[in-house]
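Below is one structure, written out as structure tokens; the observations come after it.
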Protein chains: 2
Amino acid sequence: MRQPRIEDVARAAGVSTTTVSHTLTGKRPVSATAQARVRTAIDELGYSGNALARGLRTQRTLTIALVVPDITNPFYPVVARGVQDAVTEAGYQVVVCSTDGDPGREAAFVRDMVARSVDGIILGLLHMPSAVLGSLVDRDLRIVLLGHHAGHQLGDSVTSDNRVSVAEATRHLIAAGRTRIAFVGGEHEAGPGDERQAGYEDALLGAGIPLDPALVSTTGYMRVSGSSAISQLLADGVVFDAVVAVNDLAAIGVLDALRAAGRTVPGDVAVVGFDDIDAASLVHPSLTTIDNRAYEKGTLCGRLLIQRISGEITGDFRRIVVPGTLVLRESA
Amino acid sequence: MRQPRIEDVARAAGVSTTTVSHTLTGKRPVSATAQARVRTAIDELGYSGNALARGLRTQRTLTIALVVPDITNPFYPVVARGVQDAVTEAGYQVVVCSTDGDPGREAAFVRDMVARSVDGIILGLLHMPSAVLGSLVDRDLRIVLLGHHAGHQLGDSVTSDNRVSVAEATRHLIAAGRTRIAFVGGEHEAGPGDERQAGYEDALLGAGIPLDPALVSTTGYMRVSGSSAISQLLADGVVFDAVVAVNDLAAIGVLDALRAAGRTVPGDVAVVGFDDIDAASLVHPSLTTIDNRAYEKGTLCGRLLIQRISGEITGDFRRIVVPGTLVLRESA
DNA sequence: ATGAAAGCGCTAACAC
DNA sequence: GTGTTAGCGCTTTCAT
């Protein structure tokens with residue numbers, strides 16, 4: 001059994017396809033009687049319309065794409081959920097792609113999304129030449145950047161206030177009497193590591209605590225990055241009473257290494273992370289961290305994107321900075 | 001600047017649109033010279049095709065839908081990733097929807113996916129009358145059921161071997177000398193709780209250990225379910241030296257309650273979970289659990305679905321049972 | 001090996 | 001308030 005077409009509905013209702021179309025879209029007045037006959041015909045036939053044909057005609061697909069490094073990274077499912085919740089009411093669906101930060105897969109996905117005439121893209125990561133992105137905008141494709149500005153004016157952006165948030169977390173440690181505070185960071189010029197390190201330094205300098213390069217490592221964003229950084233510090237005999245980790249995963253690695261070395265948390269060493277992934281409240285001791293507001297960011301991206309698509313907002317691209325909040329738990 | 005159409009390519013290459021189409025699909029021999037001219041024209045114009053028009057014509061969209069209760073539940077992003085990895089090579093994209101188990105949203109999403117002519121759906125949860133699902137199959141939409149059989153023959157299915165796996169985990173506790181083993185389960189008739197409880201009972205009976213109803217609680221699948229169950233057991237003065245939890249989240253709640261009561265794990269009480277979510281290795285002590293093979297299930301669902309769509313497999317629906325494996329960590 | 005033309009199902013001028 | 005018709009961009013008979 002094939003799907004009924006609009007023509008089937010029109011015939012059953014004794015009207016033209018135009019009238020059926022307009023009772024559906026409401027873009028033109030239709031008499032009450034005609035409407036009623038169309039509606040019953042639709043119900044009887046189980047007509048649901050053909051989105052392909054509609055999209056081909058209207059140049060709108062009610063579809064957006066979401067590009068993330070890895071949906072398996074606990075931050076992104078929450079973002080994805082926020083995006084979905086923000087756009088479903090407007091009838092949009094979202095196509096998700098994990099690219100592993102691979103520029104080739106990123107480009108292939110975006111190309112495919114253009115071929116599929118999606119109305120917009122949320123880019124959670126960017127390894128794409130801005131020229132390529134620029135051509136997308138030319139092709140009537142709206143873009144929202146998540147977590148970065150891409151250094152150019154291509155679309156609205158939603159980012160964290162990395163520097164300010166980490167400074168606040170660091171001040172929390174200082175206020176608790178910690179003075180030898182280590183920073184366990186990500187690789188330079190990759191991700192938010194540098195901004196977060198700057199926040200750490202802001203807080204120390206603001207409190208008159210001199211920066212000590214021996215206390216800073218930049219090993220990465222993974223659990224193992226955190227543990228290896230701390231192991232090295234301990235092996236080097238560096239004295240420290242607190243750790244600011246670049247994210248929660250690294251902070252959990254820090255906890256691993258401290259436990260292995262017999263140091264108590266927060267007794268001997270206080271630890272703070274960043275993101276507030278679910279695991280932050282699951283580890284023991286639970287992690288004091290900065291809520292990165294993944295869900296809120298997702299909804300913001302989704303809303304921004306459909307407002308752009310619909311023309312509800314126009315003109316200069318917005319740069320929305322979502323302030324993180326310090327979540328106090330056991331580790332600091 | 002508008003997207004180039006196939007006609008633009010044909011004109012630039014000095015051939016017909018038919019020839020362009022066939023050099024792209026390979027469904028008909030095209031002379032080497034014509035091919036070459038078409039390819040260069042495509043490159044010069046940056047032609048990428050219009051998936052809407054193609055889908056309208058071919059009745060295939062290279063799109064599948066994935067319905068899950070909640071992408072935020074740590075099990076599902078891994079499944080989603082598996083699905084994606086299994087289908088991208090074949091050119092498929094996946095549209096994900098979290099329904100929160102709400103039948104209304106589930107139905108609305110499926111209806112929309114039918115309107116969008118997706119080639120198939122992976123259903124991670126089912127609150128849908130089988131009649132509705134049956135009509136989907138009639139409409140040339142292939143279905144794969146994830147985690148359940150839906151009690152009817154509508155599509156292939158990929159499930160866990162809940163009973164066998166939990167029995168194995170329970171026997172592991174028995175082999176370690178535990179005899180007073182509690183079961184912290186989910187609500188009856190909701191999710192995999194009953195099957196897992198049956199596995200727990202199989203193992204005890206197989207070892208000649210009598211079942212003790214006082215050791216069994218069915219509070220739910222959340223972290224708080226686990227902790228409240230254990231708190232109750234302790235308050236009731238029930239003696240136990242091990243706990244089988246219905247899933248990892250509940251098991252983590254069990255750890256919470258035991259720690260609060262000053263019981264050591266695994267010294268006083270051994271604990272096993274189910275799923276092997278990331279958090280299982282993050283908690284302290286790390287959780288012995290059953291790997292629910294989320295990624296593998298995702299790839300299986302994806303592969304099965306596109307094999308059905310392509311007609312590579314036909315006939316009776318397959319029921320694939322993915323055996324879980326016991327992952328030994330610190331808690332048991 | 002290649003082209004002309006029909007048609008997938010819909011919406012939107014345009015005409016009444 | 002309603003209908004006729006062209007056309008969105010593609011694939012695929014059918015004819016050569």
Side-chain angles (χ1 to χ4, degrees), chain A residues 1-39 41-42 45-63 91 112 114-119 139-140, chain B residues 1-39 41-42 45-63 91 112 114-119 139-140:
Chain A
M1 194 180 82
R2 261 206 12 297
Q3 286 286 72
R5 300 172 289 118
I6 196 171
E7 199 188 320
D8 301 324
V9 175
R11 191 174 11 251
V15 297
S16 72
T17 60
T18 310
T19 297
V20 176
S21 177
H22 283 112
T23 66
L24 253 24
T25 63
K27 289 187 180 174
R28 184 168 101 167
V30 176
S31 70
T33 56
Q35 284 209 34
R37 312 185 68 189
V38 168
R39 302 234 178 266
I42 285 175
L45 296 171
Y47 174 75
S48 62
N50 182 317
L52 258 33
R54 182 173 304 124
L56 184 57
R57 185 63 234 247
T58 61
Q59 310 285 36
R60 285 243 163 303
T61 51
L62 294 179
T63 307
D112 191 21
V114 172
R116 286 165 188 260
S117 309
V118 297
D119 298 335
R139 289 177 175 186
D140 202 31
Chain B
M1 192 180 83
R2 263 211 4 301
Q3 286 285 73
R5 300 173 289 119
I6 197 171
E7 198 186 320
D8 301 323
V9 176
R11 191 175 8 254
V15 298
S16 71
T17 59
T18 310
T19 297
V20 176
S21 177
H22 284 112
T23 66
L24 253 24
T25 62
K27 289 186 179 174
R28 183 168 101 169
V30 176
S31 71
T33 55
Q35 285 209 32
R37 312 184 67 190
V38 169
R39 301 235 179 267
I42 285 175
L45 296 172
Y47 174 75
S48 61
N50 181 316
L52 259 32
R54 181 174 303 124
L56 184 58
R57 184 63 236 244
T58 62
Q59 311 283 36
R60 284 243 162 302
T61 52
L62 293 180
T63 307
D112 192 22
V114 172
R116 286 163 187 261
S117 310
V118 297
D119 298 335
R139 288 176 175 187
D140 204 30

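Below, each value reflects all heavy atoms present in this structure, side chains not excepted, and no hydrogens, waters or symmetry copies. Each chain gets a letter, A, B and so on, in the order its sequence line appears, and its residues count up from 1.
For the pair B:Leu24 and B:Arg39, the minimum side-chain heavy-atom distance is below 4.5 Å.
For the pair A:Gln59 CD and C:dA13 C1', the computed distance is 16 Å after rounding to whole Å. Rounding to whole angstrom units, CG of residue A:Leu52 and P of D:dG9 are separated by 14 Å. One can place NE2 of A:His22 at 12 Å from C1' of C:dC10, the figure rounded to the nearest angstrom. For the pair B:Arg5 CZ and D:dT11 C1', the computed distance is 15 Å after rounding to whole Å. The distance between atom CZ of A:Arg11 and atom C1' of D:dT2, rounded to the nearest whole Å, is 18 Å. Remark: C1' of D:dG9 and CD of B:Glu7 are 9 Å apart, rounded to the nearest angstrom. Separating the CD1 atom of B:Ile6 from the P atom of D:dG7 is a distance of 19 Å, rounded to the nearest angstrom. Atoms CZ (B:Arg57) and P (D:dC10) sit 13 Å apart, rounded to a whole Å.
For the pair A:Thr19 and D:dT2, the criterion of a side-chain N or O lying under 4.0 Å from OP1 or OP2 is not met. For B:Lys27, a side-chain nitrogen or oxygen approaches OP1 or OP2 of D:dT12 to under 4.0 Å. Between A:Ser31 and D:dG1, a side-chain N or O to OP1/OP2 separation shorter than 4.0 Å is absent. Applying the 4.0 Å criterion to OP1 and OP2 of C:dG3, one finds that B:Thr18 has every side-chain N and O outside that range.
No contact: B:Gly55 has no heavy atom under 4.0 Å from any strand. Counting any heavy atom pair closer than 4.0 Å across all strands shown, B:Ala34 reaches sugar-phosphate atoms only and no base atom.
Nearest-nucleotide assignment on DNA chain C puts the 5′-proximal partner with B:Arg28, out of B:Arg28 and B:Ala53. Nearest-nucleotide mapping onto DNA chain D: of B:Ser48 and A:Thr17, the residue sitting toward the 5' end is A:Thr17.
For A:Ala41 against A:Ala12, the heavy-atom pair with the smallest separation is CB-CB, 4.0 Å. Minimum interatomic distance between B:Leu56 and A:Leu52 (heavy atoms only, all atoms of both residues): N-CD2, 3.7 Å.
Panel note: side chain A:Thr17, backbone A:Ile6; no donor-acceptor pair is recorded below 3.5 Å.
Between B:Thr63 and A:Arg116, the side chains place a donor N or O and an acceptor N or O closer than 3.5 Å (distance only, hydrogens not considered).
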